[in-house]
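Input: a single structure, listed below in structure tokens.
Each residue takes its place number in the sequence, starting with 1. Just so it is clear, the structure is predicted and the values come from calculations on it, not from any experiment.
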Amino acid sequence: MNKLSVFIQDFIKDESGLTAVEYAIAGGLVVGAMVTAFSDLGDAAVVRIDCLADAVGGAVGAGCAPAVP
């Protein structure tokens with residue numbers, strides 16, 4: 001066998017780089033989930049702050065539930 005065919009066979013059998021790819025995919029999924037969660041949390045916080053600002057001004061916004069005593 002020549003050196004090129006041995007190199008190609010070794011390259012095909014080598015699986016050490018596979019774990020790096022798996023970590024990259026898992027990391028991408030985690031980052032995507034975090035972006036989605038923080039985006040939703042941020043939107044909810046903006047809505048709640050707007051409701052609080054309206055309540056301080058004496059108005060109740062359309063998306064705000066009145067406080068239950």
Partners of Ile8 by side-chain contact (heavy atoms from CB on, under 4.5 Å), sequence neighbours excluded?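 By the side-chain contact (heavy atoms from CB on, under 4.5 Å) rule, Ile8 matches Leu4, Ile12.
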
Any residue meeting side-chain contact (heavy atoms from CB on, under 4.5 Å) with Ile25, in chain and number order, not counting sequence neighbours: Val21, Leu29

Can you list the steps and then say if Ser5 with Asn2 is a side-chain contact (heavy atoms from CB on, under 4.5 Å)? CA-CA 6 Å; Ser5 64; Asn2 61 21; 2.9 Å; yes

Compare all side-chain heavy atoms of Asp40 with those of Thr36 and state whether any distance is below 4.5 angstrom. yes

Does any non-hydrogen side-chain atom of Cys51 lie less than 4.5 Å from one of Asp54? no

Nonpolar side-chain network containing Val46, other nodes, edges under 4.5 Å: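 Members besides Val46: none; it forms no cluster.
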
Tracing side-chain links under 4.5 Å among I, L, V, M, F, W and Y, which residues wind up in one group with Val35? Val31

